Novice: 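I have a structure here, written as structure tokens, and I will follow up with some questions on it.
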Amino acid sequence: MIRTRFAPSPTGHVHIGNMRAAIYNWLFARSTGGAFLLRVEDTDRERSTPEAVETVIEAMNWLGLQPDEDPVYQSQRRDAHLAAAEDLLSRGLAYKEDKGNTGRGEAVVFRMPGRDMKFEDGVKGGLKKKSKHLQDFVIVRSDGSPVFHLANVVDDIHMGITHVIRGDDHVENSFRHIALYQALNAEAPHFAHLPMIVNAQGKPYSKRDGAAFVGDFREKGYLPEALFNYLVLLGWSPGDDREVMEREEMVRCFTLDRVQSSAAQFDWKKFEWMNGEHLRRLPREVHRQKYTEAIPAAATNPDYLDAVIHVMEERIKKWDDIAPMAGFFFTEDYEYDPKAVEKRLHAPQALELLVELRTAFSDLSDFTAESTEQALRDLAEARAVKPAELIHPVRIAVSGIPQGPSLFHMLQVLGRERVLNRMQITLLKFSPPQ
RNA sequence: GUCCCCAUCGUCUAGAGGCCUAGGACAUCGGGUUUUCAUCCCGAAAACAGGGGUUCGAUUCCCCUUGGGGACGCCA
């Protein structure tokens, strides 16, 4: 059975590149009926605090990447690592030396087999390395602590890992690791190395390029299903034109050999678009809850809230959009965008027209998108102005901002009472003093 | 410097010798939705890095060049 693992070293935040590796490991395990495990490489005591570990687990939970077995903590496996080193030492496959004459005492050094090596990478294909470029390396420091390479391999053997799917930066390590597996009489797993995620300059994507850590995406109101979907597509495709996919769909068609072998650039525009796509697929109830969280007043009238959600649906791309884009629906104390006021309310005749339009609105027998539109167009024609000269001022008057949903649908949702009231307030506020 | 990897529209990609007048998506531009727009619909522009081979035929296979990236710790 296939067994994969995600082996982060907890530093307090999880980079999207690492998380993508976790996603691929998870997908690969799921798509093959195998198991996905977590190993916390917490041997660096300085950085690996309990909080840092918690951050990793939270990020995984948020994205729905639950491991199938209890996590393995590398720091607790020190004895096993050291025993392996002793074993290698006793069989002459490692030796003691003050490598580089540091004066710090003798470290345990692993002896490379002294022959050319090659392996088949699941993503990159055949990889090979000449013996002369494969140097012996330290596996236990002179202070007695195991080095990453040793710990990593010993733990992967212990956990029965069959496929190691990790970042590109480990390609060279794989030769060393394979040699270690062989020396430890263990069958080496299959390796697959994922290309990096880069920024617009082609450099490794970092926090300076925007949100680089999983937590950032959550804080900014993006959806885990969108980040999951986008990250999967950044370096993989199902082979057809499908892009916005459900998780189960990806599980069904994921294969390692369709993973791209070149670096991929994170495109914020496309990611935002994808977030919007996933947002719209979410059940109404989730939207209700998010509106209520963003705008407490939204909870007071469920029917009104549903109407607002309906009319705003196409506009909201992330949860953080709710407050600035839909806040005006739920308060009479909304702010007026200064530029919009200047351009639309201080336009010639704007306020006069607004007065007339308000009268027309109040005379309507019913107040709907259709009737308000008709009334507005009639007035525009009667006064020989373009509809836009009325449309814009009304929008600013009732919402304070220059963009939003279709105006007349918006008016219908707001209802006659609010609309008339807001127009009145606006007129008082912006009319020149008599 | 040494070693390794990569190379299709601006971006993510489809393409595993003829199906390619190179497809899709995001972004861009134009038009429409007899109102704006950060929505929606329609349309357009946009790429096989260059040079050699192999082949009847190369985006697809091989080599070189160029360009990019990565690794060279008693870090992980």
Side-chain angles (χ1 to χ4, degrees), chain A residues 7-11 41-44 46-48 74 97-100 102 104-109 121 123-125 127-130 132-135 137-149 151-152 166-175 193 195-198 200-204 230 233-244 257-258 260-274 276-277 280 311-317 321 324-325 340 343-344 373 376-377 380 386-396 401-408:
Chain A
S9 78
T11 57
E41 304 211 327
D42 56 348
T43 51
D44 183 343
E46 309 263 305
R47 292 188 298 177
S48 302
Q74 191 158 70
E97 184 189 303
D98 183 355
K99 203 164 180 284
T102 59
R104 274 180 281 172
E106 293 194 313
V108 179
V109 181
D121 188 281
V123 169
K124 295 176 179 297
L127 261 26
K128 58 191 174 197
K129 195 90 162 174
K130 290 260 192 288
K132 63 174 173 181
H133 296 121
L134 264 7
Q135 251 79 57
F137 58 96
V138 172
I139 53 176
V140 180
R141 298 185 188 88
S142 51
D143 67 0
S145 61
V147 169
F148 160 73
H149 304 293
N152 192 272
R166 65 204 334 187
D168 228 350
D169 47 335
H170 283 294
V171 175
E172 313 276 329
N173 288 336
S174 294
F175 293 100
H193 290 95
M196 338 188 51
I197 295 176
V198 299
Q201 287 71 241
K203 301 291 179 191
Y230 184 74
L233 246 33
L234 208 56
W236 175 85
S237 84
D240 50 40
D241 292 339
R242 281 176 294 172
E243 293 207 308
V244 180
D257 60 353
R258 293 203 58 82
Q260 203 75 13
S261 51
S262 51
Q265 200 168 305
F266 193 95
D267 183 348
W268 270 96
K269 291 275 180 53
K270 185 156 185 174
F271 170 66
E272 290 230 347
W273 163 79
M274 183 163 277
E277 291 293 311
R280 268 172 238 157
V311 82
M312 287 302 295
E313 199 167 45
E314 301 285 321
R315 314 268 156 179
I316 301 290
K317 284 194 164 170
D321 288 342
M325 289 171 73
K343 185 172 179 190
R344 302 303 187 185
E373 176 163 9
L376 185 143
R377 289 185 188 289
K386 285 189 289 189
E389 290 183 50
L390 279 162
I391 285 163
H392 295 294
V394 192
R395 179 182 288 285
I396 307 306
I401 50 179
Q403 67 274 309
S406 157
L407 175 69
F408 303 107

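Residue numbers begin at 1 in each chain, while the letters A, B, ... track the order of the sequences. If you're wondering where the values come from, they're calculated on a predicted model, not measured in any experiment.
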Novice: Is the phosphate of B/rA76 approached by A/R141 (side-chain N or O, under 4.0 Å from OP1 or OP2)?
Specialist: yes

Novice: Are any of A/R377's side-chain N or O atoms less than 4.0 Å away from OP1 or OP2 of B/rU35?
Specialist: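 Yes.
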
Novice: Would one find a side-chain N or O of A/R242 under 4.0 angstrom from OP1 or OP2 of B/rA14?
Specialist: no

Novice: Strictly below 4.0 Å: does A/S237 bring a side-chain N or O up to OP1 or OP2 of B/rA14?
Specialist: yes

Novice: Does a side-chain N or O from A/Q201 land closer than 4.0 Å to OP1 or OP2 of B/rG68, or not?
Specialist: no

Novice: Give A/P387 one of three labels, base, sugar-phosphate or nothing, depending on what nucleic acid heavy atoms sit under 4.0 Å from its own.
Specialist: nothing

Novice: For a quick check of understanding: with a heavy-atom distance under 4.0 Å over all strands, which category does A/S262 fall into, base, sugar-phosphate or nothing?
Specialist: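 Contact class for A/S262: sugar-phosphate only.
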
Novice: Counting any heavy atom closer than 4.0 Å, what does A/E314 reach on the DNA or RNA strands: base, sugar-phosphate only, or nothing?
Specialist: sugar-phosphate

Novice: When you compare the ring of A/H149 with the six-membered ring of B/rA76's base, are the centres less than 5.5 Å apart and the planes under 30° from each other?
Specialist: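 By the stated criterion, A/H149 and B/rA76 do not stack.
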
Novice: Do side-chain atoms of A/N173 reach the backbone of A/H149 as a donor and acceptor pair under 3.5 angstrom?
Specialist: no

Novice: What class does the angle between the rings of A/F271 and A/F266 fall in, given that below 30° is parallel, 30 to 60° is tilted and above 60° is perpendicular?
Specialist: tilted

Novice: From the set B/rC40, B/rC12, B/rA71, return the single nucleotide nearest to any side-chain atom of A/A264.
Specialist: B/rC12

Novice: Considering only atom C1', compute the distance from B/rA58 to B/rC48 and round it to an integer number of Å.
Specialist: 11 Å

